[in-house]
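These notes concern the structure reproduced below.
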Amino acid sequence: MGTDDFQEIPPTTLADVLGREQVMDIGIRPLWAPMPRIAGPAFTVRCPRGDNLMLHAAIYQAAPGSVVVVDSGDLDYALAGGNVCAVAQRRGIAAFVLDGLIRDLGEVREAGFPVFARGVIPIPGTKTALGDHGGTVRCGGVDVAAGDVVVADEEGVVVVPHARQDEVLAAARARLAKEESESLDDWEAAHRTRVEKALRDHGRQL
């Protein structure tokens with residue numbers, strides 16, 4: 001099993017398997033729509049506030065298929081713009097997932113390069129400060145280590161720990177198979193039973 005296998009798994013299913021702690025907060029969102037699902041190993045980057053040097057270096061170091069995940073916490077300066085995203089795309093990087101901002105959104109959207117971030121601002125950061133590559137970073141409230149699998153689409157961003165890839169993939173596939181074999185009538189009947197029981201437990205009824 002490899003990271004490519006996660007392309008078929010929706011973030012909603014992974015969230016059901018993994019729980020809230022592996023789901024990035026709602027501020028890390030797709031910056032254009034409709035956003036395709038992306039999945040790939042994390043190439044982790046830490047940028048000091050106001051500086052984007054380490055992200056700009058990462059586009060030349062990350063392997064094709066990687067999802068570049070950046071911890072910056074900066075809402076004052078852009079981490080990347082249209083040309084950086086275009087070069088990343090040309091080099092085979094799957095997506096950017098940024099705890100920060102970009103600029104040149106129109107160019108990025110037109111190119112179809114997936115970016116999940118907190119938003120857009122027109123002014124770029126500097127390129128003078130060192131951060132690091134390959135360490136554990138915090139992005140959208142989730143700790144992300146190099147090699148963790150990042151799966152994202154319009155539903156959100158989920159991080160699968162590297163050591164749990166096979167276990168999580170198997171559980172997600174089993175859950176999807178069960179859902180696909182269940183008709184809406186079956187689902188409604190089971191759902192109504194659960195809702196009725198929950199209400200009875202509180203002395204209420206439908």
Donor-acceptor contact present, side-chain [X] to main-chain [Y], <3.5 Å:
| X | Y | result |
| --- | --- | --- |
| Thr44 | Thr136 | no |
| Glu155 | Pro10 | no |
| Arg103 | Tyr77 | no |
| Glu154 | Pro30 | no |
| His133 | Phe43 | no |
| Ser72 | Asp99 | yes |

Quick one: pull up [atom1] in [X] and [atom2] in [Y] and give me the separation to the nearest 0.5 Å.
| X | Y | atom1 | atom2 | result |
| --- | --- | --- | --- | --- |
| Leu31 | Leu101 | CG | CG | 9.0 Å |
| Asn83 | Arg90 | CG | CZ | 9.5 Å |
| Asp166 | Asp5 | CG | CG | 9.0 Å |
| Met35 | Arg109 | CE | CZ | 10.5 Å |
| Cys47 | His56 | SG | NE2 | 8.0 Å |
| Ile102 | Leu79 | CD1 | CG | 9.5 Å |

Counting C-beta onward and ignoring hydrogens, is there a side-chain heavy-atom pair between [X] and [Y] closer than 4.5 Å?
| X | Y | result |
| --- | --- | --- |
| Val67 | Phe116 | no |
| Ile59 | Val68 | no |
| Gln22 | Val160 | no |
| Val23 | Leu18 | no |

Would [X] and [Y] show up in the same hydrophobic cluster when neighbours are defined by side-chain heavy atoms closer than 4.5 Å?
| X | Y | answer |
| --- | --- | --- |
| Tyr60 | Val70 | yes |
| Val149 | Ile38 | no |
| Ile93 | Leu55 | yes |
| Leu98 | Val108 | yes |
| Val84 | Val115 | yes |

- Step-by-step side-chain contact (heavy atoms from CB on, under 4.5 Å) determination, Leu176 to Glu8: CA-CA 10 Å; Leu176 283 175; Glu8 68 191 64; 5.7 Å; no

Lys/Arg N to Asp/Glu carboxylate O, [X] vs [Y], below 4.0 Å:
| X | Y | result |
| --- | --- | --- |
| Arg175 | Glu179 | yes |
| Arg118 | Asp25 | yes |
| Asp71 | Arg138 | no |

For [X] and [Y], work out which heavy atoms get closest and say how close.
| X | Y | answer |
| --- | --- | --- |
| Ile121 | Ala78 | CG2-N, 3.5 Å |
| Thr13 | Ala172 | CG2-O, 3.7 Å |
| Arg37 | Gln7 | O-NE2, 2.5 Å |
| Ala145 | Ala42 | O-CB, 3.8 Å |
| Leu53 | Lys127 | CB-CA, 3.9 Å |
| Ala129 | Asp51 | N-OD2, 3.0 Å |

- Task: Step through the shown structure and confirm whether more than 12 heavy atoms of other residues, nucleotides or ligands are within 6.0 Å of CD on Glu21.
- Result: yes

- Query: CG of Asp132: more than 12 outside heavy atoms within 6.0 angstrom?
  - Reply: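 Counting other residues, nucleotides and ligands, CG of Asp132 exceeds 12 neighbours.
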
- Test log, rule side-chain contact (heavy atoms from CB on, under 4.5 Å), inputs Gln165 and Thr3: CA-CA 8 Å; Gln165 285 183 41; Thr3 58; 4.0 Å; yes

- Taken in chain and number order and not counting sequence neighbours, the residues that satisfy side-chain hydrogen bond (donor to acceptor under 3.5 Å, both in side chains) with Asp76 are none

- Message: For Phe113, give me all partners under ring-ring contact (aromatic ring centres under 6.0 Å, His included), at least two apart in sequence or on another chain.
- Response: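 Only Phe96 meet the ring-ring contact (aromatic ring centres under 6.0 Å, His included) criterion with Phe113.
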
- Message: Holding to ring-ring contact (aromatic ring centres under 6.0 Å, His included), I want the full list of residues that pass it with Trp32, two or more places apart in sequence or in another chain.
- Response: none

- Query: Out of Val144, Ile28, Val142, which one pairs with Val97 under the side chain to side chain contact (heavy atoms under 4.5 Å, CB included) rule?
  - Reply: Ile28

- Item | Stepwise side-chain contact (heavy atoms from CB on, under 4.5 Å) check, Ile9 with Val151 | CA-CA 8 Å; Ile9 310 296; Val151 182; 5.7 Å; no

- Item | Pair listing, ring pair (Phe, Tyr, Trp, His ring centres under 6.0 Å) test, anchored in residues 172-201, at least two apart |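 Residue pairs with at least one partner in residues 172-201: Trp187-His191.
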
- Check the pair Val137, Val45 against side-chain contact (heavy atoms from CB on, under 4.5 Å), reporting the backbone distance first and the verdict last. CA-CA 7 Å; Val137 300; Val45 181; 6.0 Å; no

- Considering only Ile, Leu, Val, Met, Phe, Trp and Tyr, and joining two whenever side-chain heavy atoms are under 4.5 Å apart, list the other residues clustered with Leu206. Val195, Leu199

- Residues forming a side chain to side chain contact (heavy atoms under 4.5 Å, CB included) with Ser183, sequence neighbours excluded: Asp185, Asp186

